[in-house]
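Remember, it's 1-based here, ligands and their atoms both numbered in the order they're listed.
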Amino acid sequence: MRDTFLSFSPPLIGEEEIAEVIDTLHSDWITTGPKARRFEQEFVEFVGAPAALAVSSGTDAMLVGLAALGVGPGDEVITTSLTFCSTVHVIEHLGARPVLVDVEPDTLNIDPAQVERAITPRTRGIMPVHLYGHPCDMDALYALADEHNLFILEDAAHALSATYKGRTIGSSPLSQGVGEGTGVRALAAFSFYATKNLTTAEGGMLTGDPDLIDQARIWSLHGMSRDAYKRYSSEGSWFYEVILPGFKCNMTDIQAALGLQQLRKLPSFQERRRQIVRRYTEAFATCDALQTPAERPEVESAWHIYAIRLNLDRLRIDRARFIEELKARNIGASVHFIPIHLHPYYRDKYGYRPNDFPVAYREYQRLVSLPLNLRMSDADVEDVIEAVIDIVTRFRR
Ligand SMILES: *Cc1c(COP(=O)(O)O)cnc(C)c1O
């Protein structure tokens with residue numbers, strides 16, 4: 001057994017990121033300025049997006065995205081129960097109603113058939129979450145959006161550099177055939193939180209149609225018609241107008257400095273993630289007490305999270321005990337996610353019962369996320385495998 005604790009997801013920050021941050025600190029501009037603009041441009045090129053807006057978190061990217069789409073009281077937005085709470089919070093923040101639906105058993109992504117059943121005359125849009133980095137069934141979702149005149153705001157927090165039918169998540173139109181030429185308004189929100197595939201400590205990016213991005217930019221900075229860099233730089237003017245009651249969630253140049261250097265490394269980061277995933281999947285292939293994550297043929301996952309599922313009928317312990325046993329072997333693990341409809345706020349406000357979303361509820365009880373990060377050595381990966389196999393052997397039913 002290893003003698004030091006293996007953290008679940010520490011960040012990998014190199015000397016290049018540190019030098020870029022120091023360069024910013026030595027400059028005359030530390031908040032949103034030239035580096036934030038350059039990070040946006042390079043991100044646009046990386047994912048093939050029409051336009052991008054850098055903000056202070058993935059949550060804020062979703063918030064200003066929904067605001068730009070005009071979501072407000074009386075509106076309904078459909079999303080999945082198996083996500084991080086903030087996907088749903090942003091809908092509440094704007095006074096709209098989140099409508100949760102169940103997930104597909106293989107990917108645990110939002111189920112388009114359930115989305116279709118949840119559509120009402122008040123439905124304005126769909127927020128698919130590319131869970132663990134595996135893209136949702138976008139052709140089916142675009143077909144529904146087109147038919148019912150809905151927007152699509154992707155929670156792409158896990159999905160940076162994932163592809164769907166050869167198209168990078170965040171580019172648009174994402175969906176071949178139906179996405180093209182239809183009037184579906186689409187945005188994607190990325191997170192650069194410390195654990196994500198690319199990090200700026202805290203940060204986020206919204207990509208999509210340039211008109212919507214322009215509107216979201218205004219929402220992200222007090223509703224002002226002109227940002228501070230444009231006001232204070234030599235070609236700027238002191239004059240601005242407030243055209244709506246905006247939020248304050250712009251990205252600083254210090255964060256963007258981290259992002260610029262991380263973006264250069266992202267392809268090699270992703271290669272390493274895939275290497276670890278291949279090793280895990282190969283090692284667990286013969287364990288009948290485990291189900292390894294699926295990757296549908298038409299996608300390439302960004303592999304943000306490697307979530308195994310326990311076949312509980314083959315084990316004498318439950319998921320909580322399994323994670324305790326990992327911890328006792330110095331391996332950090334987690335669960336993504338506790339379904340939204342089980343959290344007291346949403347459960348009580350909307351009267352949800354656990355089995356309202358039976359797939360999400362059932363799968364939640366057997367999910368375990370294993371360490372998958374860029375700080376892991378090959379020996380660390382083997383330690384995780386050894387611990388998992390030791391536990392399933394010891395507690396086999
Ligand atoms: C991390 C995460 C977010 C929120 O991103 P922040 O940058 O922390 O605001 C939203 N949705 C999902 C699925 C996430 O994992």
Side-chain angles (χ1 to χ4, degrees), residues 8-11 36 39 43 52-67 77-94 98 100-101 103 107-110 125-136 152-162 169-170 187-207 216 219-220 247-252 254-256 258-259 262-263 273 293 301-307 333-343 346 360 363-364 367 369 371-373:
F8 178 70
S9 194
F39 185 34
F43 197 87
L53 167 68
V55 289
S56 54
S57 70
T59 303
D60 288 317
M62 294 189 286
L63 178 67
V64 296
L66 287 180
V77 178
I78 299 172
T79 190
T80 162
S81 184
L82 203 60
T83 186
F84 184 60
C85 57
S86 77
T87 318
V88 186
H89 286 349
V90 292
I91 302 168
E92 293 264 321
H93 289 159
L94 291 168
L100 302 180
V101 301
V103 296
T107 60
L108 305 182
N109 277 330
I110 194 165
I126 309 167
M127 289 179 73
V129 181
H130 305 303
L131 199 70
Y132 310 148
H134 189 297
C136 296
I152 290 183
L153 172 53
E154 296 160 64
D155 179 341
H158 296 183
L160 179 52
S161 75
I169 297 296
L187 291 167
F190 295 86
S191 166
F192 309 133
Y193 180 65
T195 59
K196 300 299 197 304
N197 291 25
L198 177 156
T199 185
T200 60
E202 300 281 358
M205 191 76 79
L206 185 69
T207 67
W219 276 106
S220 75
F247 305 105
K248 179 60 160 60
C249 55
N250 50 304
M251 177 184 279
T252 70
I254 302 171
Q255 292 165 295
L258 288 168
Q262 288 259 301
L263 196 56
R273 283 181 180 276
S301 175
W303 290 112
H304 172 54
I305 283 165
Y306 190 88
S334 192
V335 174
H336 298 86
F337 291 96
I338 303 165
I340 299 299
H341 70 286
L342 303 183
H343 288 297
Y346 290 102
E363 298 306 308
Y364 156 64
L367 282 171
S369 304
L372 171 57
N373 64 70

With sequence neighbours left out, the residues meeting side chain to side chain contact (heavy atoms under 4.5 Å, CB included) with A159 are H130, A156, A162, I169
Atom OH of residue position Y346 - does it have more than 12 heavy atoms of other residues, nucleotides or ligands inside 6.0 Å? yes
Side chain to side chain contact (heavy atoms under 4.5 Å, CB included) filter on E363, not counting sequence neighbours, yields L108, R309, V359, R366
Heavy-atom closest pair (Q255 atom, T252 atom, distance to 0.1 Å) is OE1-N, 2.8 Å
Show me the short polar-atom pairs for ligand 1: any N or O of it lying under 3.5 Å from a protein N or O, with distances only.
{"from": "ligand 1", "atom 1": "5 (O)", "to": "S191", "atom 2": "OG", "distance (Å)": "3.2"}
{"from": "ligand 1", "atom 1": "7 (O)", "to": "G58", "atom 2": "N", "distance (Å)": "2.7"}
{"from": "ligand 1", "atom 1": "7 (O)", "to": "S191", "atom 2": "OG", "distance (Å)": "2.7"}
{"from": "ligand 1", "atom 1": "9 (O)", "to": "G58", "atom 2": "N", "distance (Å)": "3.4"}
{"from": "ligand 1", "atom 1": "9 (O)", "to": "T59", "atom 2": "N", "distance (Å)": "2.9"}
{"from": "ligand 1", "atom 1": "9 (O)", "to": "T59", "atom 2": "OG1", "distance (Å)": "2.5"}
{"from": "ligand 1", "atom 1": "11 (N)", "to": "D155", "atom 2": "OD1", "distance (Å)": "3.4"}
{"from": "ligand 1", "atom 1": "11 (N)", "to": "D155", "atom 2": "OD2", "distance (Å)": "2.7"}
{"from": "ligand 1", "atom 1": "15 (O)", "to": "H158", "atom 2": "NE2", "distance (Å)": "2.6"}
{"from": "ligand 1", "atom 1": "15 (O)", "to": "K196", "atom 2": "NZ", "distance (Å)": "3.3"}

Could you list the donor-acceptor pairs under 3.5 angstrom formed by side chains in residues 53-66, with sequence neighbours left out?
{"from": "S56", "atom 1": "OG", "to": "D60", "atom 2": "OD2", "distance (Å)": "2.8"}
{"from": "S56", "atom 1": "OG", "to": "C249", "atom 2": "O", "distance (Å)": "3.4"}
{"from": "S57", "atom 1": "OG", "to": "T59", "atom 2": "N", "distance (Å)": "3.3"}
{"from": "S57", "atom 1": "OG", "to": "D60", "atom 2": "N", "distance (Å)": "2.9"}
{"from": "S57", "atom 1": "OG", "to": "D60", "atom 2": "OD2", "distance (Å)": "3.1"}
{"from": "T59", "atom 1": "OG1", "to": "S86", "atom 2": "OG", "distance (Å)": "3.0"}

| query | Can we call the ring centroids of H158 and F190 under 6.0 Å apart? | reply | no
